[in-house]
Chemist: 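Let me give you the structure first, and then I'll get to my questions.
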Amino acid sequence: LGEVAITQTKSVTFTLQNNAKKPIRFQFPQECPAPFGNQLTMSPSVGHIHPGGRKVITITFSPTENVKADKVDVGCDIASIEYTGEMETWDDTMKVLGMADPDDLAAEGEEDNEEQREVEVLKLKEEPAHTIVEDSSRHLPLKLSATSDYMSFVCDVKNVAFAPTVMLHTRTYRFSVQNSSQLALPFHWKIAHPTDPRAPGCRAYSISPNTGTIPEGQSQEFVLKFSPQEVEDFTAVASCDIAHVKD
């Protein structure tokens with residue numbers, strides 16, 4: 001799954017295929033093992049696959065806290081099954097139209113009358129009746145690695161005041177930004193006038209590198225250059241776009 005910032009969501013898909021001669025039933029854990037817990041979901045999480053059939057599974061990772069997972073097994077239990085009735089396609093995402101339960105309507109404060117007892121609603125399709133084939137149960141491992149954290153950084157520089165500079169000459173100022181998070185830190189610098197976006201003086205400033213990524217726990221040195229092309233008092237704000245920074 002790679003790196004996912006807290007408050008972001010990442011989904012990947014894979015396919016389960018049944019190459020056996022009997023239908024199989026698969027089931028992922030209701031709650032994934034630590035450190036994922038309920039931050040990781042599978043859909044569908046339980047279902048049947050007929051011989052020669054396949055089922056696309058979607059893994060969704062929605063971190064709410066720091067996670068550092070290395071090859072954690074979140075696999076499913078599978079078993080061969082025999083239907084006691086008609087063979088049907090089924091998983092826990094399937095829904096069918098059914099009549100609303102009068103008890104559910106009463107719990108929601110609805111009046112019990114003939115019209116409301118006949119309300120149609122979408123319900124989860126019931127699992128087809130089946131039996132597990134003896135000695136067919138087994139675990140199918142699926143190992144996931146992922147890292148989640150807020151973006152965070154350390155930069156001690158707030159203001160830079162260049163000394164008076166001769167026109168067509170250049171002064172430089174060097175500073176560093178440290179990535180203090182567990183994720184790679186992408187950056188993109190913009191230089192603009194604090195009040196007037198059309199002010200020409202911003203062209204006197206440049207910063208290098210302008211875009212890139214700071215690896216986890218490392219620092220990046222930046223070079224801010226002031227190269228005036230005209231006689232003027234210059235003011236600008238250099239801002240760096242970094243998403244998913246904790247308030």
Chemist: Whether the T170 and S227 side chains hold a donor-acceptor pair (N or O, under 3.5 Å, no angle test) is what I'd like checked.
Modeler: yes
Chemist: Given V74 and M42, is the side-chain contact (heavy atoms from CB on, under 4.5 Å) satisfied, shown in steps?
Modeler: CA-CA 10 Å; V74 296; M42 314 286 189; 3.6 Å; yes
Chemist: Under 3.5 Å, is there a donor-acceptor pair linking the side chains of T60 and S11?
Modeler: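 Short answer, yes.
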Chemist: Test side chain to side chain donor-acceptor pair (under 3.5 Å) on R171 and T165; report intermediate values, then the result.
Modeler: CA-CA 7 Å; R171 292 187 184 275; T165 304; 2.9 Å; yes
Chemist: Can you name the closest pair of heavy atoms from A204 and P228 and give their distance?
Modeler: CB-CA, 4.1 Å
Chemist: Between F226 and Y173, is the ring centroid distance below 6.0 Å?
Modeler: no
Chemist: Any heavy-atom pair between the side chains of L144 and F36 that's under 4.5 Å?
Modeler: yes
Chemist: Verify the distance criterion only: is there a donor paired with an acceptor across the side chains of D241 and H188 at less than 3.5 Å?
Modeler: no
Chemist: Determine, step by step, whether F187 and F222 satisfy the ring-ring contact (aromatic ring centres under 6.0 Å, His included) criterion, reporting the C-alpha distance in whole Å, the side-chain angles of both residues, the deciding distance to 0.1 Å, and the verdict.
Modeler: CA-CA 11 Å; F187 61 85; F222 295 95; 5.0 Å; yes
Chemist: Given the rule that I, L, V, M, F, W and Y join up when any side-chain heavy atoms are under 4.5 Å apart, are I24 and F14 in one cluster?
Modeler: yes
Chemist: Could you give me the CA-CA distance, side-chain angles and deciding distance for H193 and C202, then say whether side-chain contact (heavy atoms from CB on, under 4.5 Å) is met?
Modeler: CA-CA 6 Å; H193 192 276; C202 296; 3.8 Å; yes
Chemist: Measure the OG1-CG distance between T41 and N38 for me, rounded to the nearest 0.5 Å.
Modeler: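 Those atoms lie 9.5 Å apart.
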Chemist: Is the closest side-chain heavy-atom distance between S137 and I78 below 4.5 Å?
Modeler: no
Chemist: Between F234 and F162, is the ring centroid distance below 6.0 Å?
Modeler: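 No, too far apart.
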Chemist: For E126, does the CD atom have more than 12 heavy-atom neighbours from other residues, nucleotides or ligands under 6.0 Å away?
Modeler: no
Chemist: Flag the pair I59 / T13 as yes when at least one side-chain heavy-atom distance between them is below 4.5 Å, and no otherwise.
Modeler: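 Answer no - side chains too far apart.
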Chemist: Going only through I, L, V, M, F, W and Y residues with side-chain contacts under 4.5 Å, is there a path from L142 to V46?
Modeler: no
Chemist: Is there side-chain contact between H48 and T89, with heavy atoms separated by less than 4.5 Å?
Modeler: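 Sidechains of T89 and H48: no contact.
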Chemist: Can you tell me how far CZ of R138 sits from OG of S80, rounded to the nearest 0.5 angstrom?
Modeler: 5.0 Å
Chemist: Given 3.5 Å as the limit, does a donor-acceptor pair link the side chain of K10 with the main chain of L1, or not?
Modeler: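 Present.
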Chemist: Give the cluster check for I6 versus F61: same hydrophobic cluster or not, with ILVMFWY residues linked at side-chain heavy-atom distances below 4.5 Å.
Modeler: no
Chemist: Can you list the steps and then say if E221 with R174 is a side-chain contact (heavy atoms from CB on, under 4.5 Å)?
Modeler: CA-CA 7 Å; E221 183 181 70; R174 298 176 183 272; 3.3 Å; yes
Chemist: Hey, is the main chain of A184 close enough, under 3.5 Å, to the side chain of E3 for a donor-acceptor pair?
Modeler: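 At least one qualifying donor-acceptor pair exists.
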Chemist: Between atom CG of N18 and atom NZ of K55, what is the distance when rounded to the nearest 0.5 Å?
Modeler: 11.0 Å
Chemist: Are V223 and W189 connected, step by step, through hydrophobic side chains (Ile, Leu, Val, Met, Phe, Trp, Tyr) whose heavy atoms are closer than 4.5 Å?
Modeler: no
Chemist: Any side-chain heavy-atom pair from P23 and Y83 closer than 4.5 angstrom?
Modeler: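 Counting from C-beta outward, P23 and Y83 do come under 4.5 Å.
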Chemist: When rounded to the nearest 0.5 angstrom, what is the spacing between CD in E82 and CZ in R25?
Modeler: 15.0 Å
Chemist: Going by heavy atoms in the side chains, are Q39 and E65 under 4.5 Å from each other?
Modeler: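 They are in contact (side-chain heavy atoms under 4.5 Å apart), so the answer is yes.
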Chemist: How far apart are the closest heavy atoms of F175 and V157, and which atoms are they?
Modeler: CB-CG2, 3.6 Å
Chemist: Side-chain heavy atoms nearer than 4.5 Å, only ILVMFWY residues, links allowed to pass through others: does that put F28 and I132 together?
Modeler: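 Each belongs to a different hydrophobic cluster.
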Chemist: I'd like to know whether T172 forms a side-chain contact (heavy atoms from CB on, under 4.5 Å) with L224, so could you lay out the CA-CA distance, the side-chain angles of the two residues, the decisive distance to 0.1 Å, and finally the verdict.
Modeler: CA-CA 6 Å; T172 61; L224 178 63; over 6 Å; no
Chemist: Check whether any side-chain N or O of S181 sits under 3.5 Å from a backbone N or O of L183 as a donor-acceptor pair, and report yes or no.
Modeler: yes
Chemist: Over all heavy atoms of both residues, which pair between S152 and S180 is shortest? Give the atoms and the distance, please.
Modeler: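 What the structure gives for the nearest pair is OG-OG, 2.9 Å.
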Chemist: Among T213, V245, N179, exactly one meets side-chain contact (heavy atoms from CB on, under 4.5 Å) together with L185. Which residue is that?
Modeler: N179
Chemist: Just by distance, do the side chain of S43 and the backbone of T58 share a donor-acceptor pair under 3.5 Å?
Modeler: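 No; zero donor-acceptor contacts below 3.5 Å.
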Chemist: For V237 versus P194, what's the shortest heavy-atom pair and its separation?
Modeler: CG2-CB, 3.8 Å
Chemist: Do you know the tightest heavy-atom contact between P141 and D73?
Modeler: CA-OD1, 3.4 Å
Chemist: With a sphere of 6.0 Å drawn around NE2 of H139, does it hold more than 12 non-hydrogen atoms of other residues, nucleotides or ligands?
Modeler: yes
Chemist: Less than 4.5 Å apart, side chain to side chain, heavy atoms only: is that true for H244 and Q8?
Modeler: yes
Chemist: State whether the number of non-hydrogen atoms from other residues, nucleotides or ligands found under 6.0 Å of E86 atom CD is greater than 12.
Modeler: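 Atom CD in E86 is not crowded, with 12 or fewer foreign heavy atoms closer than 6.0 Å.
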Chemist: Find the distance between OG (S176) and CD1 (I214) and round it off to the nearest 0.5 Å.
Modeler: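 One finds 9.0 Å between OG of S176 and CD1 of I214.
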Chemist: Could you state the interatomic distance from CG (D91) to CD1 (I49), rounded to the nearest 0.5 Å?
Modeler: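 Taking CG in D91 and CD1 in I49, the distance rounds to 9.0 Å.
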Chemist: Do S45 and D92 pair up side chain to side chain, a donor and an acceptor below 3.5 Å, judged on atom types alone?
Modeler: yes
Chemist: Consider only side-chain N and O atoms of T9 and S62, and report whether a donor and an acceptor are under 3.5 Å apart.
Modeler: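 Yes, S62 and T9 have a side-chain donor paired with an acceptor closer than 3.5 Å.
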Chemist: Going by heavy atoms in the side chains, are E230 and R203 under 4.5 Å from each other?
Modeler: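 When only atoms from C-beta onward are counted, R203 and E230 do touch, with a gap below 4.5 Å.
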Chemist: Could you tell me which non-hydrogen atom of I191 sits nearest to which non-hydrogen atom of A238, and how far apart they are?
Modeler: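 Taking every non-hydrogen atom into account, CG1-CB, 4.2 Å.
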